[in-house]
Amino acid sequence: MSLSRLFQECILSGIMSVNGKRVLHMDRNPYYGGESSSITPLEELYSRFGLSESPPESMGRGRDWNVDLIPKFLMANGQLVKMLLYTEVTRYLDFKVVDGSFVYKANKIYKVPSTEAEALATNLLGMFEKRRFRKFLLFVAAYDENDPKTQQDMDPVKSTMRDVYKKFDLGQDVMDFTGHALALYRTDDYVDQPCLEAINRIKLYSDSLARYGKSPYLYPLYGLGELPQGFARLSAIYGGTYMLNKPVDELVLENNKVVGVKSSGEVARCKQLICDPSYVPDRVRKAGQVIRVICILSHPIRSTSDAASCQIIIPQNQLGRKSDIYICLISHTHNVAAQGKYIAIVSTTVETAQPEVEIQPALDLLEPIDQKFVAISDLYEPLDDGTESQIFISQSYDATTHFETTCNDIKDIYRRMTGSEFDFENMKRKQNDVFGEDQQ
């Protein structure tokens, strides 16, 4: 059984259905995806944030808007795209390539260089840094953990990423955008860990970029709310049942193990339960807070070559912080806003008692802002792995604007539920068993 307020439960319901499990998915909301849904019409967004006035006529028609509460892009060669392809949820979705990926340095925005040609052309680096960074990218592209000849004495386990940076004489600024805008790390802890993971992350970024050219990111037309709906349809094909607008009164346990969920006086029996933290507040702990500010603009972000969509990462060291700040821009070209309008969402992990002050440098990049909506959310994580109670709890969404951390959570829950690692190829074989190879 699955109880949903987050995207993870929708995906896992679809995956477990493909694996032959009988799945009942219950959601207290009248719509799919909970916090990962897209709000439409625009009037509903104003109401949700407690604004008494109606959107001005300059915003266009309310039904032209689909505003994500928690914006995230998909890495073109990343884990979520693989899940979509192997489960064939892509048959229900259309995607558009995000126009650009940028990084912030010294109050300016620069395109993230991720190819040898871009490394030599970028204004982000000095003349000698460009050559050193180009050599570094060539090293990463050729690196093979099983072939010492490609490693240039950088052992995948014994050598840290700091050792790699030192080998190519790369300074702190280069380390900042490489670690946070290419490898997408949220802290600098990785620099003193084995280098293999960071190298593979940079390769993922480069491979994803090579797939479409503009950026490594994809975004679904009509908003992220389309994704949980796609997995709901997948689950239904394999016999799963979805019940929206279904309240959850309590979990039924026997000998500290879940055996059912009580709703409106009736009990639905189950052997395993997947849920988000909001359903089991006594089984989670608070791990921090995230601030997200949804901004409606009438213009693209400056210094992005008028990109209709993009991601901007402000590395933590640029502002003397412990956490990066993320900006995600989408627009009318994705069928999520009225013609000529843009939606920019700023997000970061809260570090002080004044979270809005923390993200002000990012908001300054967006001016002028037509309207903004501020939300501060608590982050929760489960107290245990769920193997004893068979209650498997997802983590809250972090501040990142990509799905890689969310997919790691999905794979972790899958491992705890089944006792085995998530296997993309095995899922594909299961589908072939049901549909036949010629229908894939």
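In what follows, residues are counted from 1 in the order of the sequence shown. No hydrogens, no waters, no symmetry mates; every other heavy atom, side chains included, goes into these values.
- Between F403 and L224, some side-chain heavy-atom pair lies under the 4.5 Å cut-off.
- For K203, the NZ atom sits in a packed shell: over 12 heavy atoms of surrounding residues, nucleotides or ligands are nearer than 6.0 Å.
- Across all non-hydrogen atoms, the minimal contact from A338 to M59 is CB-O, 3.2 Å.
- Classification of D398 and K72 as a salt-bridged pair holds, one side-chain N sitting under 4.0 Å from a carboxylate O.
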| task | Would you sort out whether T401 and S347 count as a side-chain contact (heavy atoms from CB on, under 4.5 Å), showing the intermediate values? | result | CA-CA 8 Å; T401 48; S347 59; 4.0 Å; yes

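- Residue-environment remark: CZ (R63) stays at or below the threshold of 12 foreign heavy atoms within 6.0 Å.
- In terms of heavy atoms, L137 sits closest to A119 at CD1-CB, 4.1 Å.
- Of the N and O atoms on the side chains of D207 and N77, not one donor lies less than 3.5 Å from an acceptor on the other residue.
- Residues M161 and Y185 have side chains not in contact (no heavy-atom distance under 4.5 Å, counting atoms from C-beta outward).
- A salt bridge does not link D249 to K262: none of the charged nitrogens lies less than 4.0 Å from a carboxylate oxygen.
- Under the ring pair (Phe, Tyr, Trp, His ring centres under 6.0 Å) rule, F177 has a single partner from F133, Y104, Y110, which is F133.
- With respect to the salt-bridge test (charged N to carboxylate O, under 4.0 angstrom), the residues K341 and D370 qualify.
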| request: Could you go through the side-chain contact (heavy atoms from CB on, under 4.5 Å) check for Q79 and N408 one step at a time? | output: CA-CA 8 Å; Q79 299 178 85; N408 288 338; 3.0 Å; yes

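- The closest side-chain heavy-atom distance from S215 to C310 is not below 4.5 Å.
- Within 6.0 Å of the NZ atom in K21, the count of heavy atoms belonging to other residues, nucleotides or ligands does not exceed 12.
- Contact annotation: the side chain of I296 approaches that of L42 to within less than 4.5 Å [non-hydrogen atoms, C-beta and beyond].
- Taking a 6.0 Å sphere around CD of Q354, one finds it holds 12 or fewer heavy atoms contributed by other residues, nucleotides or ligands.
- In this structure, Y342 OH and L297 CG are separated by 9.0 Å, a value rounded to the nearest 0.5 Å.
- Residues S263 and M26 approach most closely at CB-CE, 3.6 Å, considering heavy atoms.
- Formation of a donor-acceptor pair under 3.5 Å by the D324 side chain with backbone atoms of Q316 is found in this model.
- No more than 12 heavy atoms of other residues, nucleotides or ligands lie within 6.0 Å of CG in D306, so this atom counts as exposed by the packing criterion.
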| task | Could you please spell out the steps behind the side-chain contact (heavy atoms from CB on, under 4.5 Å) verdict for L273 and V261? | result | CA-CA 9 Å; L273 177 71; V261 174; 4.0 Å; yes

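- Side-chain polar atoms of Q172 and D176 form a donor-acceptor pair below 3.5 angstrom.
- Between the side chains of D68 and S38, at least one donor-acceptor pair of N or O atoms lies under 3.5 Å.
- Atom CG of D364 has more than 12 heavy atoms from other residues, nucleotides or ligands within 6.0 Å.
- Enclosure of atom NZ in K167 by more than 12 non-hydrogen atoms of other residues, nucleotides or ligands within 6.0 angstrom is indicated.
- The aromatic rings of F136 and F139 lie tilted to each other, with the angle between the two planes from 30° to 60°.
- Between Y217 and M75, some side-chain heavy-atom pair lies under the 4.5 Å cut-off.
- Looking at heavy atoms from C-beta onward, L182 lies in side-chain contact with S114 at the 4.5 angstrom threshold.
- The aromatic rings of Y414 and F422 lie perpendicular to each other, with more than 60° between the two planes, well past the 30° mark.
- Classification of the H25-Y242 ring pair by plane angle, with boundaries at 30° and 60°, yields parallel.
- Taking NE2 of H402 as the start and CG of L184 as the end, the distance is 4.0 Å to the nearest 0.5 Å.
- The closest donor-acceptor contact from the side chain of H332 to the backbone of A308 lies at 3.5 Å or more, if one exists at all.
- The heavy-atom pair separating Y92 from R233 by the smallest distance is CB-NH1, 3.5 Å.
- In the model, D409 has no side-chain atom that pairs as donor or acceptor with a side-chain atom of S394 under 3.5 Å.
- The side chain to side chain contact (heavy atoms under 4.5 Å, CB included) test applied to P41 returns E43, E44, not counting sequence neighbours.
- One N or O on the side chain of K105 and one on the backbone of L124 form a donor-acceptor pair closer than 3.5 Å.
- Put simply, the side chain of I393 reaches to within 4.5 Å of the side chain of C275, judged on heavy atoms.
- Between L366 and I301, some side-chain heavy-atom pair lies under the 4.5 Å cut-off.
- The two residues E129 and L125 come nearest to each other via the heavy atoms OE1-CA, 3.7 Å.
- For N200 and E145, the side-chain atoms include no donor-acceptor pair closer than 3.5 Å.
- Nearest heavy-atom pair across F102 and V112 is C-CG2, 3.5 Å.
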| query | Does the salt bridge (Lys or Arg N to Asp or Glu O under 4.0 Å) test come out yes or no for R416 and D412, once each step is laid out? | reply | CA-CA 6 Å; R416 287 185 274 137; D412 181 58; 3.1 Å; yes

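- Listed for the T241 side chain is no donor-acceptor partner under 3.5 Å among the backbone atoms of L24.
- More than 12 heavy atoms of other residues, nucleotides or ligands shown are found within 6.0 angstrom of CD on E250.
- Within the model, atoms CD of E358 and CG of L363 stand 11.5 Å from one another, a figure rounded to the nearest 0.5 Å.
- Remark: L93 pairs with L84, V89, F95, E226, L227 by the side chain to side chain contact (heavy atoms under 4.5 Å, CB included) rule, at least two apart or across chains.
- Not a single donor-acceptor pair under 3.5 Å links the side chain of Y190 to the backbone N or O of A183.
- Between K166 and D163 there is no salt bridge, since no side-chain nitrogen of the basic residue lies less than 4.0 Å from a carboxylate oxygen of the acidic one.
- Counted by atom type alone, R186 and T405 present zero donor-acceptor pairs between their side chains at under 3.5 Å.
- Without hydrogens or angle criteria, S235 side chain to F231 main chain gives no donor-acceptor distance under 3.5 Å.
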| said: Could you walk me through whether L329 and T304 satisfy the side-chain contact (heavy atoms from CB on, under 4.5 Å) test, starting with their C-alpha distance in whole Å, then the side-chain angles of each, then the deciding distance to 0.1 Å, before giving a yes or no? | reply: CA-CA 11 Å; L329 180 77; T304 63; 5.5 Å; no

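- The closest donor-acceptor contact from the side chain of S37 to the backbone of G225 lies at 3.5 Å or more, if one exists at all.
- With 3.5 Å as the limit, one finds no donor-acceptor pair spanning the side chains of Y397 and S377.
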